[in-house]
J.: 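The structure that follows is given in the form of C-alpha cells.
Side-chain atoms are counted along with the backbone in the values below, which use heavy atoms only and exclude waters and symmetry mates.
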Amino acid sequence: MNMDYYHEVIDHRKLSEELHRTPWWESLMHNDRFKEALHQNYHMRLQLGDSSYLKKLLRSESERQTFLSQVYHPSPEHLANTDED
C-alpha cells in the first residue's frame, strides 16, 4: 500500500480524536437533535472522514458554524436514504 494512505489514516485518527475532545464537539454529542440530524445527513458524515475538513473544524469558528448550519439545514440530496444507513 501507498505510504500516503497510511499517513492520511494516521492524520485522520489524530485529528478526529482531537476534535472529539473539544468542548464544542462534546456539547454536540449531548444534543439528541444534533445527533439525529447528523445521522440523517450522509454528506456531512462523509465530510468528517476528510482530514483537511477536520483541520478546518478545529481551527475555524466560522467553519464550525457552517458545519452546524449544513447539519441542521441540509440540501435534500445530502440526506441519507433509509437503505444507505
J.: Under 4.0 Å between a Lys/Arg side-chain N and an Asp/Glu carboxylate O for R13 and E17?
T.: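 Yes, this pair counts.
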J.: Can you tell if the side chain of F67 reaches within under 4.5 Å of the side chain of Q47, non-hydrogen atoms only?
T.: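 No. Closest side-chain heavy atoms not under 4.5 Å.
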J.: Check whether any side-chain heavy atom of I10 lies under 4.5 Å from a side-chain heavy atom of Y5, and answer yes or no.
T.: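 They are not in side-chain contact.
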J.: Could you walk me through whether D11 and L54 pass side-chain contact (heavy atoms from CB on, under 4.5 Å), step by step?
T.: CA-CA 10 Å; D11 277 353; L54 293 178; over 6 Å; no
J.: Do other residues, nucleotides or ligands put more than 12 heavy atoms under 6.0 Å from H7 NE2?
T.: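 12 or below, so no.
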J.: So, R64 and E61, do they make that salt bridge, N to O below 4.0 Å?
T.: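 Yes, charged N to carboxylate O under 4.0 Å.
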J.: Could you tell me the separation between the NZ atom of K14 and the OG atom of S51, rounded to the nearest 0.5 Å?
T.: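 It comes to 11.0 Å.
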J.: Would you say H12's side chain and L48's backbone share a donor-acceptor pair under 3.5 angstrom?
T.: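 Yes, because the side chain of H12 sits within donor-acceptor range (under 3.5 Å) of the backbone of L48.
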J.: Where do M44 and Y53 land on the side-chain contact (heavy atoms from CB on, under 4.5 Å) test, with the steps shown first?
T.: CA-CA 10 Å; M44 294 314 295; Y53 189 72; 3.3 Å; yes
J.: Rounded to the nearest 0.5 Å, what's the gap from NE2 on H43 to CD on E77? Could you check?
T.: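 Atom-to-atom, H43:NE2 and E77:CD are 9.0 Å apart.
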J.: Check for a donor-acceptor pair, side chain of T66 on one end and backbone N or O of S62 on the other, with a separation under 3.5 Å.
T.: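 Side chain of T66 to backbone of S62, a donor-acceptor pair under 3.5 Å: yes, one is there.
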J.: Would you kindly confirm whether V9 and L19 end up in one hydrophobic cluster when ILVMFWY residues are joined by side chain heavy atoms under 4.5 Å apart?
T.: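 Each belongs to a different hydrophobic cluster.
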J.: Assess whether side-chain contact (heavy atoms from CB on, under 4.5 Å) is satisfied between L57 and L15, documenting all intermediate values.
T.: CA-CA 10 Å; L57 285 177; L15 291 167; over 6 Å; no
J.: To the nearest 0.5 Å, how far apart are NZ in K55 and CD in E63?
T.: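 The distance works out to 14.0 Å.
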J.: Identify whether W24 and V71 are in the same connected component of the hydrophobic contact network (ILVMFWY, side-chain heavy atoms under 4.5 Å).
T.: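 Cluster IDs for W24 and V71 match.
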J.: Do L38 and Y72 belong together in a cluster built from hydrophobic side chains that touch within less than 4.5 Å?
T.: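 Per the 4.5 Å side-chain linkage, L38 and Y72 are co-clustered.
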J.: Where do R21 and E26 come nearest, in terms of heavy atoms and distance?
T.: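 Smallest interatomic distance, heavy atoms only, reads O-OE2, 3.5 Å.
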J.: With the threshold set at 4.0 Å, does a side-chain nitrogen-carboxylate oxygen contact exist between D32 and K35?
T.: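 Result for this pair is yes, salt bridge flagged.
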